[in-house]
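Right, one structure below, let's go through it.
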Amino acid sequence: IDLSQAEAVADVIAAATARAHELALSQLSGELSRAVDALADRLTDAVAEVEARVDFAEDVGGIEVPAHVVAAIAALEGELAALLGTTTWARAVREGVRVPLVGRPNVGKSSLFNALLGEARAIVTDVPGTTRDRVSEAIELAGIRVTLSDTAGLRETDDAVESIGVARTHEALAGAALALWVVDATLPLADEDRRVAKRLAGRRVLVALNKCDLPIATRAEDVAALLEGTAGPIVAVSATTGDGLESLRAALAGLLGAGDPVDGMGVAVGNLRHAEAIGRARAALARATRAAADLLPGEIVALELREALAALGEITGRSVDDDLLDRIFRKFCVGK
């Protein structure tokens with residue numbers, strides 16, 4: 001087996017969901033390796049033609065990179081971009097994601113947290129600021145392990161213990177793939193909501209307009225205006241009655257990429273090392289395309305193509321140094 005298949009052995013063992021197990025088995029069977037090798041073979045052909053023109057310029061009529069080679073390079077770059085497009089979904093399947101529930105106090109975060117879990121895990125009271133510490137539980141959503149976290153309400157407070165809870169909410173946000181912002185739909189938006197929106201600016205956000213079973217004072221467009229058009233789906237939901245919960249779960253799965261079309265589990269790139277290598281290969285191909293378009297010497301184009309080829313070789317182990325191998329296999333607990 002090659003290097004990517006060897007890494008898949010650890011992924012099979014560590015898989016936390018059936019979908020993660022399926023993804024790891026596909027990689028172990030060599031689906032990703034075959035896709036990368038096919039791309040590398042086509043790239044090798046392009047390198048060979050460019051270098052041949054450099055070495056035998058007089059015989060082939062010049063050192064310029066011919067149009068059909070430039071088109072081939074551009075096509076390869078597009079296919080690498082498509083592979084990278086699977087990374088968000090595949091990494092979510094492979095590693096799971098953390099999603100904190102955030103918002104100002106007493107908007108129903110704990111109630112919604114319990115409703116999504118299907119059990120009374122967090123304490124629920126009518127007293128604002130009840131949640132002081134982060135409470136986390138994992139659920140499986142469309143094959144992805146999602147760790148939900150009920151967090152302290154975001155507000156200014158003089159309470160020393162609540163202040164620690166608020167600080168931990170900020171920490172949870174910093175390491176989260178996306179945030180589930182819970183808004184009380186029965187109350188007009190307040191300054192605390194505006195501060196939360198500012199804190200969420202630039203992040204992937206799913207908004208839950210909670211308490212939709214009661215008279216409504218805040219609507220989806222009001223919240224979207226606060227986020228200045230950067231909001232994800234805004235779903236009306238009632239943690240009390242369960243209305244909208246399935247829509248909320250579907251919206252969450254969609255933001256995690258669970259609905260992305262993937263042409264075979266094995267060609268989804270969930271390993272960060274693989275994604276970084278493909279990213280470097282794609283960047284080198286883009287530089288090669290620009291160099292050819294600017295009529296730069298073929299040696300420069302060939303250099304970029306060889307860099308892309310070496311990056312792809314790191315995935316399967318064709319071009320990898322001993323230090324990288326040591327780092328990879330250090331994750332295997334050999335002998336235990």
Requested in this report: With sequence neighbours excluded, give me every salt bridge (Lys or Arg N to Asp or Glu O under 4.0 Å) pair touching residues 235-246.
Outcome: E246-R249
Requested in this report: List the steps and the verdict of side chain to side chain contact (heavy atoms under 4.5 Å, CB included) for L76 and L39.
Outcome: CA-CA 7 Å; L76 285 168; L39 292 169; 3.7 Å; yes
Report task. Take L148 and F113 through the test side chain to side chain contact (heavy atoms under 4.5 Å, CB included) and record every step on the way to the result. Result -> CA-CA 7 Å; L148 299 172; F113 176 77; 3.8 Å; yes
Query raised in the report: Is R287 salt-bridged to E307, going by a charged N under 4.0 Å from an acidic O?
Result: yes
Requested in this report: Could you tell me whether R273 and E7 have a side-chain N and a carboxylate O separated by less than 4.0 Å?
Outcome: yes
Query raised in the report: Donor-acceptor pair, D193 side chain versus A190 backbone, under 3.5 Å?
Result: yes
Query raised in the report: Do H274 and E314 have side-chain atoms, one donor and one acceptor, less than 3.5 Å apart?
Result: no
Query raised in the report: R94 versus R91: any side-chain heavy-atom pair under 4.5 Å?
Result: no
**Report entry** Carboxylate-amine/guanidinium proximity below 4.0 Å for R194 and D191
**Finding:** yes
Query raised in the report: Hey, quick one: are V223 and L187 part of the same hydrophobic cluster, counting side-chain heavy atoms closer than 4.5 Å, chains of contacts allowed?
Result: no
Requested in this report: Decide yes or no on side chain to side chain contact (heavy atoms under 4.5 Å, CB included) for L43 and D45, but give the supporting numbers first.
Outcome: CA-CA 5 Å; L43 182 53; D45 290 340; over 6 Å; no
**Report entry** Check: V269 main-chain N/O paired with T86 side-chain donor or acceptor under 3.5 Å
**Finding:** yes
**Report entry** G279 versus L84, closest heavy-atom pair with distance
**Finding:** CA-CD1, 3.9 Å
Report summary line: Interatomic distance, CG@L227 vs NZ@K198, rounded to 0.5 Å, equals 13.5 Å
Query raised in the report: How about L180 and L116: do any of their side-chain heavy atoms sit closer than 4.5 Å?
Result: yes
Report summary line: Closest non-hydrogen atoms of S29 and Q5, given as atom of the first, atom of the second and distance, are C-NE2, 3.7 Å
Query - Point-to-point distance, once rounded to the nearest 0.5 Å, from CG of L309 to CZ of R306 - result: 7.0 Å
**Report entry** Least distance between heavy atoms, L209 atom then A220 atom
**Finding:** CD1-N, 3.6 Å
Report summary line: Value for CZ (R280) from CG (L80), rounded to nearest 0.5 Å, stands at 12.0 Å
Query raised in the report: Side chains of L303 and L305: does their closest heavy-atom pair fall under 4.5 Å?
Result: no
Query raised in the report: Is I144 close to V97 at the side-chain level, that is, under 4.5 Å between some pair of heavy atoms?
Result: yes
**Report entry** Trace of the side chain to side chain contact (heavy atoms under 4.5 Å, CB included) decision for L112 with V107
**Finding:** CA-CA 9 Å; L112 187 58; V107 295; over 6 Å; no
Report task. Would you check, one step at a time, whether the test side chain to side chain donor-acceptor pair (under 3.5 Å) holds for S4 with S33? Result -> CA-CA 7 Å; S4 69; S33 303; 2.8 Å; yes
Query - Exercise: identify the closest heavy-atom pair between V50 and G298 - result: CG1-O, 3.4 Å
Requested in this report: Go through the steps for E304 and R290 under the test salt bridge (Lys or Arg N to Asp or Glu O under 4.0 Å), then give the verdict.
Outcome: CA-CA 10 Å; E304 298 292 2; R290 289 195 300 272; over 6 Å; no
Query raised in the report: Once you round to the nearest 0.5 Å, how far does CG of L214 lie from OG1 of T240?
Result: 7.0 Å
**Report entry** Heavy-atom donor-acceptor pair, R204 side chain to A179 backbone, under 3.5 Å
**Finding:** no
Query - Nearest non-hydrogen partners of V235 and A251, listed with the distance - result: CG2-CB, 4.0 Å
Requested in this report: Hey, could you give me the CD1/OG1 distance between I139 and T147, rounded to the nearest 0.5 Å?
Outcome: 9.0 Å
Query raised in the report: Between CG of N106 and OG of S111, what distance do you get to the nearest 0.5 Å?
Result: 9.0 Å
Requested in this report: Taking the side chain as every heavy atom from C-beta outward, state whether E51 and V47 have any atom pair closer than 4.5 Å.
Outcome: yes
Report summary line: Looking only at heavy atoms, the pair that brings L28 and V12 closest together is CD2-CG2, 4.3 Å
Query raised in the report: Can you pull the side-chain hydrogen bond (donor to acceptor under 3.5 Å, both in side chains) pairs that have at least one residue in residues 206-224, sequence neighbours excluded?
Result: D184-K211, D213-S238
Query raised in the report: Is there side-chain contact between L255 and P233, with at least one heavy-atom pair below 4.5 Å?
Result: yes
